[in-house]
*Asks:* 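My questions all concern the structure below.
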Amino acid sequence: MPDMDTIVSLCKRRGFIFPSSEIYGGLGGFWDYGPLGVELKNNIKATWWKAMVQERDDMVGLDAAIIMNANVWKASGHVTEFTDPMVDCKSCKRRFRADDIRGDKCPECGGELTEVRRFNMMFRTFVGPVEDDAAMTYLRPETAQGIYVNFANVQQTMRKKLPFGIAQIGKAFRNEITPGNFIFRDREFEQMEIEYFVKPGTDEEWHKHWVDTRLAWYHSLGIRSENLRVRRLDRSELAHYAKDTYEIEYLFPMGWSELEGIANRTDYDLKRHSEYSLKDLTYFDEETGQHIIPYIIEPSAGVDRTVLVVLLDAYHEEQVRGEKRVVLKLSKALAPIKVAVLPLLRNRPEIVDMARRIAAMLRPHMRTMYDDTASIGRLYRRQDEIGTLYCVTVDVQSLDDQAVTIRDRDTMEQVRVPINELKDVLLQKLA
Ligand code: GAP
């Protein structure tokens, strides 16, 4: 397992993730995804959407607004409950989460600490030109609420019967007191959330289904089993809305930590929104002829944490002919670049021209990169480090025999393939 600095440095050096607003000194808890990071992140989201929405008959999608009516956050309990305990150092003025502190002195300077206060983690903003209380609302701290307030819209327009779920991927914002561990704890991040509506009484069975389903999804990404575990939270750890919660945890460099939470939220959310909005959010159960408030099972995953897990798990260092080879063994679905086309000699215009034409031919069918900015050895090393699955090399012989070599990232084996068969051979390998 690499340490976090190794991954941070690879991400910066190879164009995955940069500190946000870096030229101005950055901003704590905010990160920018570079050209390869955005591909990896998009691949993760697409894989989740395909498995959780498109391949299931009981799921539909949603894309709700980030900024919502402030009453949503009163009803959800976030205005009163979404707080972390905070202390300030009276000497150096630094601020800490109270539950991160051992003892009663400042961990930085040994100074005296203030009493514990509750700090609400929602970012406030104003809608319209007047900055008064009536115009004040929040950036959403979770995507879930957009789903609850659309429960009736979705259920009625899609004619869904229980059990069914609504899925959403989107940004969330939390003014974390101590962001850190790279993209593990950010102030702006993305969530992939499912709110699965079930009949009361079937909730515990569905809870188990979703823990198993979500764990299997991480396995399908190629994450090693020994680095994943499921932990049931103690009563004292449960959020204000939860009856029971399991976490899928990963063995990060700082130890086992949450990757995804899967909560049984009971009828808390729909009941609260119904009370605050005075709208009927019940479901008519045709079997019993009764109106009921569904229970909700919520598998809630972080996109950024999944990016981090995927990178940590894929990172390998190997010795090849006495030299260190760094390779990201990303799965076929997740690798940002599937194929790199490389000319063996960059000062031979015929070879460069042929390589460019091959790259153009492949581009509509698979994410392809062309690179001629270094010697072939360095080009291979670069592609290994970003997880590119196959390198296609055009050499002098290619001009005569109209064939190229395909190099496999993991085995480093090379096979020679006629150019007119190349696309189909690669598509087969990628399937
Ligand atoms: N709707 C339920 C909910 O938001 P959560 O456990 O607070 O539950 C769910 O968050 C997931 O979102 C976490 O498991 C994590 O992957 C991700 N997440 C939460 N806070 C985060 C943060 N500050 N930075 C990055 N990811 C975060």
Side-chain angles (χ1 to χ4, degrees), residues 1-19 31-48 180-186 189-190 215 217-229 248-260 301-340 367 369 371 374 377-391 407-413 430:
M1 167 78 59
D3 60 24
M4 201 67 99
D5 288 346
T6 305
I7 294 297
V8 175
S9 143
L10 184 146
C11 283
K12 175 81 201 301
R13 200 172 60 250
R14 292 290 178 221
F16 281 90
I17 300 170
F18 310 122
W31 298 90
D32 295 341
Y33 284 77
L36 297 182
V38 68
E39 298 287 347
L40 175 59
K41 201 183 193 200
N42 283 345
N43 291 343
I44 288 173
K45 291 191 279 185
T47 306
W48 185 88
N181 286 316
F182 192 29
I183 51 170
F184 178 83
R185 182 166 285 119
D186 308 322
F189 56 98
E190 246 178 311
L215 188 61
W217 184 75
Y218 290 106
H219 287 144
S220 79
L221 301 184
I223 309 298
R224 281 169 282 174
S225 310
E226 66 267 28
N227 291 336
L228 287 167
R229 73 175 188 196
I248 297 179
E249 296 187 332
Y250 182 78
L251 187 53
F252 288 92
M254 65 281 189
W256 288 102
S257 308
E258 177 185 352
L259 170 59
E260 167 161 350
V303 178
D304 311 77
R305 277 191 202 176
T306 309
V307 170
L308 183 55
V309 161
V310 159
L311 289 169
L312 286 163
D313 219 73
Y315 184 93
H316 285 77
E317 286 181 8
E318 301 170 352
Q319 285 297 319
V320 177
R321 288 185 289 279
E323 275 191 36
K324 183 169 93 172
R325 177 172 98 115
V326 172
V327 51
L328 276 190
K329 295 193 174 172
L330 294 167
S331 71
K332 288 180 190 173
L334 298 189
I337 306 292
K338 310 299 178 203
V339 177
R367 193 74 179 84
M369 180 186 266
D371 195 1
R378 287 189 67 177
L379 293 179
Y380 281 152
R381 276 207 297 283
R382 257 186 221 164
Q383 296 300 330
D384 287 342
E385 231 185 327
I386 64 173
T388 302
L389 294 157
Y390 301 104
C391 287
R407 172 186 177 270
D408 182 293
R409 177 195 69 194
D410 297 338
T411 62
M412 290 186 290
E413 275 169 15
L430 292 170

*Asks:* Quick one: does any side-chain atom of Asp384 pair with a main-chain N or O of Val327 as donor and acceptor, under 3.5 Å?
*Replies:* no

*Asks:* Quick check: does any side chain N or O of Lys338 sit under 3.5 Å from a backbone N or O of Ala333, one acting as donor and the other as acceptor?
*Replies:* yes

*Asks:* Less than 4.5 Å apart, any side-chain heavy atom of Ile17 and any of Phe182?
*Replies:*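 Sidechains of Phe182 and Ile17: in contact.
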
*Asks:* Starting at CZ of Arg185, measure out to CD1 of Ile183 and round the result to the nearest 0.5 Å.
*Replies:* 13.5 Å

*Asks:* Checking Gln319 against Lys324 for the side chain to side chain contact (heavy atoms under 4.5 Å, CB included) test, could you report, in this order, the C-alpha distance in whole Å, the side-chain angles of both residues, the deciding distance, and whether it holds?
*Replies:* CA-CA 5 Å; Gln319 285 297 319; Lys324 183 169 93 172; 4.2 Å; yes

*Asks:* Between CZ of Arg367 and OG1 of Thr388, what distance do you get to the nearest 0.5 Å?
*Replies:*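 Between Arg367 CZ and Thr388 OG1, I get 10.0 Å after rounding to 0.5 Å.
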
*Asks:* Does the side chain of Val307 come within less than 4.5 Å of Phe16's, by heavy atoms?
*Replies:*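 Heavy-atom side-chain distance check fails, nothing below 4.5 Å.
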
*Asks:* Over all heavy atoms of both residues, which pair between Pro2 and Leu312 is shortest? Give the atoms and the distance, please.
*Replies:*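 That would be CD-O, 3.6 Å.
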
*Asks:* Indicate yes or no for a side-chain donor-acceptor contact from Asp186 to the backbone of Phe189 under 3.5 Å, with no hydrogens or angles considered.
*Replies:*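 Side chain of Asp186 to backbone of Phe189, a donor-acceptor pair under 3.5 Å: no, none is there.
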
*Asks:* Taking all atoms of both residues into account, what is the closest heavy-atom pair of Trp256 and Glu226, and its distance?
*Replies:*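 Nearest heavy atoms, Trp256 then Glu226: CH2-O, 3.6 Å.
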
*Asks:* Could you measure the distance from the CE atom of Met412 to the CZ atom of Arg321? Nearest 0.5 Å is fine.
*Replies:*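 If I round to the nearest 0.5 Å, the distance is 6.5 Å.
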
*Asks:* Can you tell which of Ile223, Leu330, Leu251 makes a side chain to side chain contact (heavy atoms under 4.5 Å, CB included) with Asp313?
*Replies:* Ile223

*Asks:* Check whether NZ of the Lys or CZ of the Arg Arg407 lies under 6.0 Å from the centre of the six-membered ring of Tyr390 and within 45 degrees of that ring's axis.
*Replies:* no

*Asks:* Specify the closest pair of heavy atoms between Gly34 and Phe18, including all atoms of both residues, with the distance to one decimal.
*Replies:* CA-CE1, 3.6 Å

*Asks:* Decide side chain to side chain contact (heavy atoms under 4.5 Å, CB included) for Leu221 and Val309; before the verdict, give the C-alpha distance in whole Å, the side-chain angles of both, and the deciding distance to 0.1 Å.
*Replies:* CA-CA 10 Å; Leu221 301 184; Val309 161; over 6 Å; no

*Asks:* Supply the atom-to-atom distance Glu39 CD to Ile337 CD1, rounded to the nearest 0.5 angstrom.
*Replies:*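 Here the rounded value is 6.0 Å.
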
*Asks:* Taking all atoms of both residues into account, what is the closest heavy-atom pair of Leu311 and Cys11, and its distance?
*Replies:*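 The pair with the smallest heavy-atom distance is CD1-SG, 3.6 Å.
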
*Asks:* Could you measure the distance from the OG1 atom of Thr306 to the NZ atom of Lys45? Nearest 0.5 Å is fine.
*Replies:*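 Interatomic distance, Thr306 OG1 to Lys45 NZ, rounded to 0.5 Å: 11.5 Å.
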
*Asks:* Is there a donor-acceptor pair closer than 3.5 Å between any side-chain N or O of Arg409 and the backbone N or O of Leu328?
*Replies:* yes

*Asks:* First locate atom CE of Met1, then atom CD1 of Ile7, and finally report the distance between them rounded to the nearest 0.5 Å.
*Replies:*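 These two atoms lie 9.0 Å from each other.
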
*Asks:* Side chains of Asp3 and Thr6: closer than 4.5 Å at any heavy-atom pair?
*Replies:*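 Side-chain contact under 4.5 Å: yes.
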
*Asks:* Between Arg305 and Phe184 (side chain of the first, backbone of the second, donor and acceptor by atom type, cut-off under 3.5 Å), is there such a pair?
*Replies:* yes

*Asks:* Thinking salt bridges, do Asp371 and Arg378 make one under a 4.0 Å N-O criterion?
*Replies:*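 Answer for the salt bridge query: no.
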
*Asks:* Taking Asn43 for its side chain and Ala335 for its backbone only, find out whether a donor-acceptor pair lies under 3.5 Å.
*Replies:*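 Answer holds: yes.
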
*Asks:* What closest approach, in Å, do Ala314 and His316 show between heavy atoms, and which atom pair accounts for it?
*Replies:* O-ND1, 2.9 Å

*Asks:* Could you walk me through whether Leu334 and Ile44 satisfy the side chain to side chain contact (heavy atoms under 4.5 Å, CB included) test, starting with their C-alpha distance in whole Å, then the side-chain angles of each, then the deciding distance to 0.1 Å, before giving a yes or no?
*Replies:* CA-CA 6 Å; Leu334 298 189; Ile44 288 173; 3.9 Å; yes

*Asks:* Surrounding CD of Glu413 (heavy atoms of other residues, nucleotides or ligands, distance under 6.0 Å), is the total greater than 12?
*Replies:*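 No, the 6.0 Å shell around CD holds no more than 12 heavy atoms from other groups.
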
*Asks:* Work out which heavy atom in Trp217 is nearest to a heavy atom in Ser220; give both atom names and the distance.
*Replies:*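 Closest approach of Trp217 to Ser220, heavy atoms only: O-OG, 2.6 Å.
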
*Asks:* Under the ring-ring contact (aromatic ring centres under 6.0 Å, His included) rule, collect the residues that match up with Tyr250, sequence neighbours excluded.
*Replies:* Phe252

*Asks:* Distance-only, no hydrogens or angles: does the Lys41 side chain make a donor-acceptor pair with backbone N or O of Asp304 under 3.5 Å?
*Replies:*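 No.
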
*Asks:* Could you walk me through whether His219 and Leu215 pass the side chain to side chain contact (heavy atoms under 4.5 Å, CB included) test, one step at a time?
*Replies:* CA-CA 7 Å; His219 287 144; Leu215 188 61; 3.9 Å; yes

